[in-house]
Enquirer: 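First, the structure itself, so that you have it in front of you.
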Amino acid sequence: MRVLTVDPDHPAAIAIAEAATALRQGRLVAFPTETVYGLGANALDERAVRAIFTAKGRPSFNPLIAHVAEAEAARQCAAVWPVAAEHLAAAFWPGPLTLVLPKRPHIPDVVSAGLATVALRVPAHPVARALLRAAAVPVAAPSANRSTEVSPTTAGHVLKGLGESVHLILDAGPTSVGIESTVVDLSGGRPALLRPGTISQAELEAVVGPVLLPVRNAMGETAPRPSPGMLERHYAPRATVHLFAPERRDRAVEEMRDAAEHLRIGAMLLHPVPVQLGERIIMPAEPGLYAQRLYSALHELDDAGCDHIWIEQVPDHVAWAGVRDRLTRAAAR
Ligand code: TXA
Ligand code: MG
């Protein structure tokens, strides 16, 4: 395993060439995107893609996103390219948006976990773009963490979680967006939001009109269309997470006080609390900055050995949908 440090805006051609060659040889390369670090493999190489599932401990039913350098290359992977795809691609690519479309047969089934659709994204990070151009193949890349654990926003997080199972890590410093891309399914009648991210429902709807939201039915299944990867427990630190609404703050403060007597506790808060805590992180009050900080804060609290983490819930507002989704899943048991 090697770590190559690169300039985030102007990565050295020699480092990019080495990483692209490794991908073409079927090896796993971790690289920065603007959202989180991805664990990449040549999407056309079934054996390489299988190695991603092994390294992450990812269930084989959970499909991967294929990353490409240009919208035109994404279109080559899709069997149909509806107007909605054209409009969303023009508005948000390169950027933190993933589109699910019917798949062309040359994309191996292992990428799509046997589904008839494929998830496609053109990332904006200059290092990702340079790598994708040099590799000249679609690159399957989930977040570069062990399945269900906290996603990586630095090369150090990748190293900590995956270590020797990665051939090469391109280290370009911390990522800017901080949470994973917004995933929109365009394979059915109407666009459906499968995973909220920093591109909000309102921003999507301004471009394509009404977007269906995932709704949980009585069986706990999501409708209209489930995304196999939206497992309840996800983005979870080692510590037990207690998510508290601001109106339940007094109660949470009491619980923290009790726990702090015999356990190592940490907190991620929007407002300070009157408790002596092992580790306390005051989070930004703006959704974009909160998202950028979210995973590094969870990693820090884990690294500090916290057994329990109290997290103050963020506002129930569309601008916070991506962060709320990650917090809810981090707290799921
Ligand atoms: O920002 C991101 O999207 C990052 C960076 C590396 O690009 N990648 C990422 O990948 O978050 P991953 O594998 O951690 O999440 C992909 C999500 C999962 O929820 C998966 O189930 C869903 O996309 N997905 C992939 N292909 C799908 C498909 N054909 N149909 C429905 N959902 C799909
Ligand atoms: Mg992930």
Side-chain angles (χ1 to χ4, degrees), residues 28-41 43 49 52-53 55-68 74 77-79 92-104 107-125 127-129 131-132 138-153 157-158 161-162 170 175-188 191-199 214 222 224-236 291-292 295 322 325-326 329-330:
L28 300 187
V29 173
F31 63 98
T33 78
E34 69 278 25
T35 58
V36 299
Y37 275 71
L39 179 63
V49 175
I52 292 180
F53 285 88
K56 280 183 62 86
R58 183 174 177 113
S60 57
F61 60 78
N62 192 359
L64 305 176
I65 298 171
H67 298 68
V68 288
C77 299
F92 299 111
W93 279 352
L97 177 70
T98 295
L99 298 178
V100 173
L101 288 154
K103 149 180 125 49
R104 283 225 184 137
I107 304 293
D109 286 338
V110 60
V111 173
S112 62
L115 297 177
T117 54
V118 61
L120 299 164
R121 173 156 117 82
V122 178
H125 196 297
V127 174
R129 300 204 80 194
L131 177 63
L132 292 169
V139 172
S143 49
N145 53 284
R146 296 273 310 165
S147 191
T148 79
E149 291 178 5
V150 180
S151 301
T153 55
H157 296 158
V158 178
L162 294 174
L170 289 176
T175 62
S176 58
V177 173
I179 60 171
E180 298 83 352
S181 61
T182 301
V183 181
V184 177
D185 186 357
L186 296 178
S187 69
L193 183 68
L194 299 185
R195 180 174 70 184
T198 54
I199 296 174
T222 50
R225 276 163 261 162
S227 183
M230 296 308 269
L231 303 171
E232 193 70 337
R233 183 175 168 78
H234 217 121
Y235 319 111
Q292 188 181 63
Y295 292 142
D325 169 74
R326 303 312 188 275
R329 289 174 204 284

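The first residue in the sequence is number 1, and the count goes up from there. The figures that follow rest on heavy atoms only: side chains count, while hydrogens, waters and symmetry mates do not. In listed order, ligands and their atoms are each counted from 1.
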Enquirer: From the options H125, H67, R121, E180, select the one residue that forms a side chain to side chain donor-acceptor pair (under 3.5 Å) with T33.
Expert: R121
Enquirer: Counting from 1, what ligand 1 atoms have a heavy atom of N62 closer than 4.0 Å?
Expert: 18 (C), 20 (C), 21 (O)
Enquirer: So, the side chain of T175 versus the backbone of T35: is there a donor-acceptor pair under 3.5 Å, distance only?
Expert: yes
Enquirer: Considering both backbone and side-chain atoms of R195, is one of its nitrogen or oxygen atoms within less than 3.5 Å of a nitrogen or oxygen in ligand 1?
Expert: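 By distance alone, the answer is yes.
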Enquirer: For a side-chain contact (heavy atoms from CB on, under 4.5 Å) with L194, tell me which candidate from T182, V184, V100 qualifies.
Expert: V100
Enquirer: Can you name the atoms of ligand 1, numbered from 1 with element, that are less than 4.0 Å from a heavy atom of L194?
Expert: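 Every atom of ligand 1 under 4.0 Å from some heavy atom of L194: 31 (C), 32 (N).
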Enquirer: Flag S143 as yes if one of its N/O/S atoms falls below 2.8 Å of the Mg ion (ligand 2), otherwise no.
Expert: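 S143 does place an N, O or S atom closer than 2.8 Å to the Mg ion (ligand 2).
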Enquirer: What are the atoms of ligand 1, with element, lying closer than 4.0 Å to any heavy atom of T117?
Expert: 28 (C), 29 (N), 30 (N)
Enquirer: Which atoms of ligand 1 are found less than 4.0 Å from any heavy atom of L64?
Expert: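 Ligand 1 atoms under the 4.0 Å threshold to L64: 25 (C), 26 (N).
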Enquirer: Just which atoms of ligand 1 are under 4.0 Å from any heavy atom in T35?
Expert: 1 (O), 2 (C), 4 (C), 5 (C)
Enquirer: By number and element, which atoms of ligand 1 are closer than 4.0 Å to a non-hydrogen atom of L115?
Expert: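 Every atom of ligand 1 under 4.0 Å from some heavy atom of L115: 28 (C), 29 (N), 30 (N).
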Enquirer: Could you tell me whether ligand 1 has any atom less than 4.0 Å away from a heavy atom of A141?
Expert: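 Under 4.0 Å: yes for A141.
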Enquirer: Go through ligand 1 atom by atom and flag the ones less than 4.0 Å from a non-hydrogen atom of H67.
Expert: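 That gives atoms 5 (C), 6 (C), 7 (O) of ligand 1.
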Enquirer: Identify which of H125, E180, H234, E34 has a heavy atom lying nearest to atom 11 (O) of ligand 1.
Expert: E180
Enquirer: Please find the pair of heavy atoms, one from F31 and one from V139, that lie closest to each other, and give the distance.
Expert: CE2-CG1, 4.1 Å
Enquirer: Taking C-beta and beyond as the side chain, do D109 and K103 meet within less than 4.5 Å on heavy atoms?
Expert: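 A side-chain contact exists here, since the closest heavy-atom pair is under 4.5 Å.
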Enquirer: Is the shortest N/O to N/O distance between K56 and ligand 1 below 3.5 Å?
Expert: no
Enquirer: Which ligand 1 atoms, with their elements, are less than 4.0 angstrom from a heavy-atom of S143?
Expert: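 Under 4.0 Å from S143, ligand 1 has these atoms: 8 (N), 9 (C), 10 (O), 12 (P), 14 (O).
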Enquirer: Answer with side chain, backbone, both or neither: which part of D185 has a heavy atom less than 4.0 angstrom from an atom of ligand 1?
Expert: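 It is neither; nothing of D185 touches ligand 1.
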Enquirer: Look at the side chain of Q292 and the backbone N and O of G178, then say whether any donor-acceptor pair between them is shorter than 3.5 Å.
Expert: no
Enquirer: Between R58 and T148 (side chain of the first, backbone of the second, donor and acceptor by atom type, cut-off under 3.5 Å), is there such a pair?
Expert: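 Not confirmed, R58 side chain does not pair with T148 backbone.
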Enquirer: Atom OG of S187 and atom CG of L115: how far apart are they, to the nearest 0.5 Å?
Expert: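 One finds 9.0 Å between OG of S187 and CG of L115.
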Enquirer: If only atom types and distance count, is the side chain of R146 paired as donor or acceptor with the main-chain N or O of A55 below 3.5 Å?
Expert: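 Yes, R146 side chain to A55 backbone: donor-acceptor pair under 3.5 Å.
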